[in-house]
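All of these numbers come straight from a predicted model, not from anything done at the bench. Sequence lines set the chain letters: A, B, ... in the order given, protein chains first and strands last, and positions in each chain run from 1.
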There are 2 protein chains.
Amino acid sequence: MDVPAPPTRPARARATLLSLAQAAGVSISTVSRALRGDARISPATRRRIDALAAEAGYAPNALARTLLGGRSGLIGLVLGPMQNPFYPALLEELVAQAAERGLRLLLLHAGEGSMDDRTAQALLQYQVDGCLVTSAALPSRIAAICAGNDVPLVMINRVAREHGAAVCCDNAEGGARLADFLLAGGHRRFAVVGGNADTSTSLDRERGFVERLAARGVALACRFDGGATREGGWAAGERIAAMPPGERPDAVFAVGDGLAMGLIDALRAGAVPVGASVEGEGVEAAGAVSVVGFDGVAAALRPPYALTTIVQPLRAVVRRGLDLLLARMEDPAAPDELVTLRGTLHVGRSARLPAGAATGASHGDAGRETG
Amino acid sequence: MDVPAPPTRPARARATLLSLAQAAGVSISTVSRALRGDARISPATRRRIDALAAEAGYAPNALARTLLGGRSGLIGLVLGPMQNPFYPALLEELVAQAAERGLRLLLLHAGEGSMDDRTAQALLQYQVDGCLVTSAALPSRIAAICAGNDVPLVMINRVAREHGAAVCCDNAEGGARLADFLLAGGHRRFAVVGGNADTSTSLDRERGFVERLAARGVALACRFDGGATREGGWAAGERIAAMPPGERPDAVFAVGDGLAMGLIDALRAGAVPVGASVEGEGVEAAGAVSVVGFDGVAAALRPPYALTTIVQPLRAVVRRGLDLLLARMEDPAAPDELVTLRGTLHVGRSARLPAGAATGASHGDAGRETG
DNA sequence: GAATTTTGTTCAAACCTTTGCACAAGGAAA
DNA sequence: TTTCCTTGTGCAAAGGTTTGAACAAAATTC
């Protein structure tokens, strides 16, 4: 009558405190304490249990631990448009630093599209300890859920529109510094290639640049819309290359490195010399156009671009972002805080140098805090 | 004597089944069943509980649910080097499709660096249901942990070295198809710009290309090492541009779109015309070099590159990757499986056309399965 | 009106970990 | 010998959810 149960796949179940306790002949709590290094457990017992755990490949169940009311160790992550080369770099740094701090990233969103409700709910379902947003357009659902459930929210590379903590580079100051550099280089006709019109980051950079020019009595000769992609930079470069040399700007600020690289490609394809890079060593070609960017993406710093740009202190930006988040996990009532980090002017060969300056040096206090 | 407890931040605790049950005056199980749509709960009760839950913004605790022995809904994700523009695109698609299926991605690693032990342990601690690897160099710790703990592992865009399931584009076939296209275009001198020497993907593409050429009695004129970055493509392009026109190859296969774009930039900067794009509309400049790539990254398909390339069926690749993973979650004993999807030849303007062919068309069965 | 089914709800166990408290054994001090 | 302290361990509760089984009340059948 009684048919024996079918031989279910043996697949020895994953080790738990219980299985270790049975193997060691002690109680569950002893195992737990031994593994956590509690001083009350005798060295002999601890060694025995440690060996057993190592052999079984035991890993404590973070979910059960979280259930006790502690931290989940999970951080929700909302990523911006990945075409902008700054974001992949930011992502790598973020993953590395989060791991160093023992935090895990729960990837909720990447790119431009909108977020469905279920995804937003995941924030709550998985009990994330906090949320990190690098996206320019903060999904409002995420903001609402975080606000309504005491989930700390920190934005990186963008300032908070209404509230929340944020860390970003001093965009306006960087723009101004580039204006100074170009002015010192003796440039006369300035152009800007703008980014997304709805990101504070782009707007601040452009504003800082234009206002510094204005303060020196110089007006912008022309302006292009780049839309934050490399292609946008190329399109602007084509138009610049097509201008008669007399009207052509001799200095162009592209508000992101991706834009700047596309721009340089187009100028070169149009046989327009860029910065000091054609004749080399400071002797520049006649009619050369200087190009400067912003972000300090690795690919832009190296040849063939050797871009003069403001290098964002990426490590510090990420570090402070995580600091802000952890602080708000400790104290959810912490006031909104905006941290602004000053970038570094990296002098490459894409822009004519001021008299007497040397290529390759970096100026400015990297990561000095001003917020 | 008794000091009243300091007024701890009220911060009404998050809604749970218990709090809802108390509010509704029913038991916890009734609430659970009502929310899950169990037919045994009366419509009146259900409506009341639904309203209460909506008002409280209730979201079930996925961690507690997982503890019951079910699925966590978490997938561990190991990302490859983000400089290769294919990976950001893959990431966006993956995030979107995972969300559609109700899966969450736990981001374990991004980039080239190695993984620390704690991160690898996270796989077990957070009870991931499976693991997805897009990295070319599979971290061995991850592989070991997955194998030892019945965690299904699926690789995307690379074949398994020893074991495991994988989905990737038919790289060799794509390389061969490009060779055919270039041969039909009447090219004579062929070059290859190779990628990472240790990724099966790059090697297969190159092999497919070279073998097809050989089968037609043509040998490679020269070969460059690109190292999978845009800069590598640029370097190869500079060397090609510097060759005397007689020795210069008239067709170059860059094994990735990033390489191809860098290559084109360098050729243009060196005033070497590329494909049919200079004179436009099929009439090509004298001494033009045709460039073809592989991947079908959006930026490469559009102007200014208009690259002729093999477009990976990205959506299908991701879909099948998740299929494989889910299948292995159902049945961990499922045999290793390799799915190969055929790409589509996208004819742009970066390579001379065979007589009578039209630009912009796509040839080949997108995503036809062969594995 | 009693027996039976249907309907709606509750009980209790299980998942795994952490931790306050209790407990036992052994040694030292009184 | 009693009392107290130290050292090492076990007990049990808690955390939120799911689910099989039990239970009560109402509706149906004879």
Discussion item. Categorize A:Thr16 for me: base, sugar-phosphate, or nothing, with a 4.0 angstrom heavy-atom threshold over every strand shown.
Written reply: sugar-phosphate
Return the [atom1] to [atom2] distance between [X] and [Y], rounded to the nearest 0.5 Å.
X	Y	atom1	atom2	value
B:Ser72	B:Leu67	OG	CG	11.5 Å
B:Leu68	B:Leu63	CG	CG	12.0 Å
B:Ile28	B:Gln22	CD1	CD	8.0 Å
B:Cys131	B:Arg328	SG	CZ	14.0 Å
A:Asn61	B:Gln127	CG	CD	4.0 Å

Protein-nucleotide distance ([X], atom [atom1]; [N], atom [atom2]), rounded to Å:
X	N	atom1	atom2	answer
A:Leu17	D:dA12	CG	P	18 Å
B:Ile28	D:dT18	CD1	P	11 Å
A:Tyr126	D:dG16	OH	C1'	15 Å
B:Arg65	D:dT18	CZ	C1'	9 Å
A:Gln125	D:dG16	CD	C1'	13 Å

Under a 4.0 Å threshold between the charged nitrogen and the carboxylate oxygen, would [Y] count as salt-bridged to [X]?
X	Y	result
B:Arg40	B:Asp38	yes
B:Arg71	B:Glu330	yes
B:Arg101	B:Asp323	yes

Could you list the protein-to-nucleotides 5-9 of chain D atom pairs, N/O on both sides, closer than 3.5 Å?
residue : atom : partner : partner atom : Å
D:dT9   : OP1  : A:Thr45 : OG1          : 2.6
D:dT9   : OP2  : A:Ser42 : N            : 3.2
D:dT9   : OP2  : A:Ser42 : OG           : 3.3
D:dT9   : OP2  : A:Thr45 : OG1          : 3.2

Discussion item. Below the 4.0 Å mark, does D:dG10 have OP1 or OP2 next to a side-chain nitrogen or oxygen of A:Ser29?
Written reply: no
Discussion item. Under 4.0 Å from a heavy atom of chain A: give me the 5'-most and 3'-most nucleotides of DNA chain C that qualify.
Written reply: C:dC16 to C:dC21
